[in-house]
Structures are given as C-alpha cells and as structure tokens.
Chemist: 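Once you've had a glance at the structure underneath, I'll fire off some questions.
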Number of protein chains: 2
Amino acid sequence: MPTAADSKVGPGSGRGGPRGRYAKSEEIRASILDAALEVFAQGGFRAGSLRLVAERVGMSEPGILHHFSSKTTLLEAVLERRDQLAQQFIPPKTVDGEASVRGLIDLARHNASTPGVVELYCTLSAEATSPDHPAHAYFVHRYEVTRGILLDAFADLERRDLLREGATPSGAATATIAMMDGLQIQWLLDRTVLDMAEELRRFLRGLTTIDV
Amino acid sequence: MPTAADSKVGPGSGRGGPRGRYAKSEEIRASILDAALEVFAQGGFRAGSLRLVAERVGMSEPGILHHFSSKTTLLEAVLERRDQLAQQFIPPKTVDGEASVRGLIDLARHNASTPGVVELYCTLSAEATSPDHPAHAYFVHRYEVTRGILLDAFADLERRDLLREGATPSGAATATIAMMDGLQIQWLLDRTVLDMAEELRRFLRGLTTIDV
DNA sequence: GTCTATAGTTAGATAGAC
DNA sequence: GTCTATCTAACTATAGAC
C-alpha cells in the first residue's frame, strides 16, 4: 500500500539544473499511478474516486489533477504504464508457438503475485464492455492484439502438428483467452480454491501436445 | 450467465394483501425489476443509479423506493428474480451428467438471446469480487453452488468413463465455469466474433467423449 | 507544485402532501 | 401508491493564493 511518496528531496537534480531525467515530478507521477491502480482495481473506474487516490498518495485532489488533467486521463496513464511493464513478459513478435504458450503460463504465475493488477483488468474489462466507457476502445484493441498473438502462436503449433485433433488456431486462441479471464474471476473470489497457472497448464495440455 | 440457482422466496409469498394473487403492486414491482436489470447491467451496481431506473419505469425515485426500501434491496431482488427464472433451465438435482452438460450448451445458447442478463452477471461478478460489495456474498455462494452441480455432473461422467484422460471432475468443473465466464466477456465486447454455445461445445468435446 | 475554497453536479434517502 | 421538496453526502473540476 505505501508507495513512498514521502521523499521530498530529489537526489541530484538541484534547483539550478533545469534538466534532469529523473526529475521529482516523474517520481510523483509514478506514485500517483501506483495509488490509482489500486483504487481503480477495487471496484472499477466509475466507483473509484480521486479522493481515494489523493488519500493514498498523501496529497489533495487538485494536487492529483495538477499532474493528470482529469480522472479519465489518469486511467489512460495507468493502463499505458501497465502495458509497458507487461510488454517485457511476452514479446509481441515471437513466432515460436511453444515459447508463447509457455510464456502464458509464466504470465499466469506472475499474475498470481500481483492481485491488484489482476483485479484491475478483471474489473475494468467487464466494466468497459459498455461502449460509452472511457476504456472501451482500449479493451477492444487489447483483445484484438492478444487474439492476434495467440492466433500466430497456435498457427505455428498447428504447422508443427502440435495441436490436438479437432482444435483450430482460431478456436484455441479464443478459448485460451476465455480460460485466462474466467480463471481470474474465480481466483479473485476465492484465492485458496484455485491455482491459475496450474489450471491454465492443464487446459493447454488438453489443447496441445507440447509438454507444458 | 445464469449457471446455477438458489432462491428462498416464492412469487406471492409474504405480501400483506388479503387477496389478489395478481395485485397491481406485483406488476409494478416486476416492471421496476426489469428496468433495474437493464440499468445495473450497463456498468454494474455502483455506476447504476435509481434515477435511471425511475426514468425507465416512468416513475420518480421515491416511487421506486416505496417498493424497494434501498438501492441494495433492489439489487438483491433483481438477483433473486433471475435465479428463479434460471432455475427452470437447469434442475439443480440432476444426477445425469450427460444431461447436465447438454443443459449447459442450451443455457449458453439461451444466454445469447438475452444480452442484458449476460451483461448483468458479467459486470456484477467482476465488481462483486471486492469483499465489501453488496453482492459479494451472493456471488461467492453462487459459484460454490454452480461448482457443486458441475462437480456432480463430471463425477457421473467419470464413473461412466466418459471423461477424457487427464481430466478430473474437480478440474473440469472449474475450467467449465471459467470458460463460460471468459467467453461472455469476449462476446460482450464484440458479439459478431464469437458464438458462445458453439465455443462451449467445442470445449466440452475436448473434455469429455460424449457427443455434444 | 501544492494548497484552500468553491463551483456545479449527482447520488441515495426521507418527510409529508395528495 | 406516487408525488414534490428537501436533506446530506460525495463526486469532478476550476480559481487563485502561497
């Protein structure tokens, strides 16, 4: 919870230096984004308030709005930042289907260690189903991209005859995304009853013949 | 995504009126519940407002609150009513696993004809992941019940040697629920890209050897 | 860069007339 | 059973002092 917004003194970037790649402003923005992620994760965007974000970060509401001009802008920045971090996990341009599938299980295992992020995406993706939601376009695009990546991965596996009989790359991509999303809901409701990575692995074993 | 049912209250139970099974009050309550379903479906409970419900039903906000003492009470009544209707679809006490699995596909097909209900459960189940949400206990219980029903169904199939190798009743129950939930999210985002019933059937074919 | 003060909106809920 | 009027509280956002 505490996100260390307390350090008021910037290390090397003194008053004189107009420059400085690690200006204090950037640190403050980062701590605001951390707080906003937690707030939006718990109940979604519409139910989350700037007041809660401000409280968490130890600042007033106008203080937040000095760095992000509106609540919607703040949400967009949160999503953008998570995408940057997630990109390290699955390089989008892999053509090795086997590696991609293994990466999915790693991702599921990693997600289990960051419940806040899982909560954020689970809540938001359901909320953003409404066409008038500020993150609707983001999620539509996100699912398209994800589906494309998995489609390539399963197509590669099909070429190498590693897909089980009856499975198609398209169907496998859709089903895998659905499985990951659905497991997250059950996991968020009761984290003791379910191992997301393990369940996903069993699913992928039924879908492919690779040894995951 | 009505997948299970439990309900304690019958339609006309407990009303003070000495006579009149079809009192006008009951009709009004029903029309309020219809409107509330649509409002809560679009963006969840927290984002939905009594004002919108009142607008839809052609009444003032206090008019609504005369029939349901609070917004939370109204939500509970909506969920209770949906459970009553869903109960007709899958009789909870079936021991025939094959019939239950076929019932799931019928249910998915039926759901595709009532997008509002799918939206309601999809949005609410994500939102109610938070322990302080008014419907949290409801959804925890609902998932327990659903899981129990599917567990019995797949256990029956296992006894009759109709589960594929590597599948367990417990894992199959969890995975099937996850698949249904996950398909709904993708379907709500873009209803043209996905046939929920068909995808579910393909999934169940990979899980069992029955001819669904 | 952060604050106080406040505008302007919307929310859920209550009181009491009809 | 339904309404108008009203209360209280929370929200996003802006203006302007420091």
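Note on naming: letters A, B, ... go to the chains in the order of the sequence lines (proteins, then strands), and numbering restarts at 1 for each one. Just the heavy atoms: all of them, side chains too, but no hydrogens, waters or symmetry mates, feed the values below.
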Chemist: Measuring from B:L74:CG to B:L50:CG, what's the distance to the nearest 0.5 Å?
Modeler: 6.5 Å
Chemist: What's the separation between atom CG in A:D34 and atom CZ in A:R29, rounded to the nearest 0.5 Å?
Modeler: 12.5 Å
Chemist: Given atom CG of A:L65 and atom C1' of C:dG1, what is their separation to the nearest angstrom?
Modeler: 13 Å
Chemist: Using a heavy-atom cut-off of under 4.0 Å over every strand shown, decide if A:L50 touches base, sugar-phosphate, or nothing.
Modeler: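 Sugar-phosphate, backbone atoms only, no base.
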Chemist: Under 4.0 Å between a side-chain N or O of B:H66 and OP1 or OP2 of C:dT14?
Modeler: no
Chemist: Distance check needed: D:dG1 P versus B:I32 CD1, whole Å only.
Modeler: 10 Å
Chemist: Under 4.0 Å from OP1 or OP2 of C:dG1: is there any side-chain N or O of A:S25 that close?
Modeler: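 Checking A:S25 against C:dG1: at least one side-chain N or O falls below 4.0 Å of OP1 or OP2.
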Chemist: In terms of side-chain geometry, is the basic nitrogen of A:E198 or A:R201 positioned less than 4.0 Å from the acidic oxygen of its partner?
Modeler: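 A:R201 and A:E198: salt-bridged.
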Chemist: For a quick test of reading the model, state the closest non-hydrogen atom pair linking B:I32 to B:V53 and the distance between them.
Modeler: O-CG1, 4.2 Å
Chemist: Distance check needed: D:dT14 C1' versus A:K71 NZ, whole Å only.
Modeler: 17 Å
Chemist: Grab the CG-C1' distance between A:L74 and D:dC11 for me, whole Å please.
Modeler: 15 Å
Chemist: Any base atoms under 4.0 Å from A:S60, or only sugar-phosphate, or nothing? Heavy atoms, all strands.
Modeler: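 Touches a base.
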Chemist: Quickly work out the A:F68 CZ to C:dG1 P distance and round it to whole Å.
Modeler: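 It works out to 12 Å between those atoms.
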Chemist: Closest nucleotide of DNA chain D for A:A47 versus for B:I28: which of these residues is on the 5' side?
Modeler: B:I28
Chemist: When you measure from the side chain of A:E61, which nucleotide among D:dG1, D:dT12, D:dA13 comes out closest?
Modeler: D:dT12
Chemist: Specify the separation, in whole Å, of atom CZ of B:R51 and atom P of C:dA11.
Modeler: 5 Å
Chemist: Let me know the distance between CD1 of B:I64 and C1' of C:dA13, rounded to the nearest Å.
Modeler: 13 Å
Chemist: How many whole angstroms separate atom CE of B:M59 from atom C1' of D:dT4?
Modeler: 15 Å
Chemist: Kindly compute the distance separating CG (B:L75) from CZ (B:F45), expressed to the nearest 0.5 Å.
Modeler: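 Reported to 0.5 Å precision, the distance equals 5.5 Å.
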Chemist: Nearest of C:dG12, C:dA5, C:dA13 to any side-chain atom of B:S49?
Modeler: C:dG12
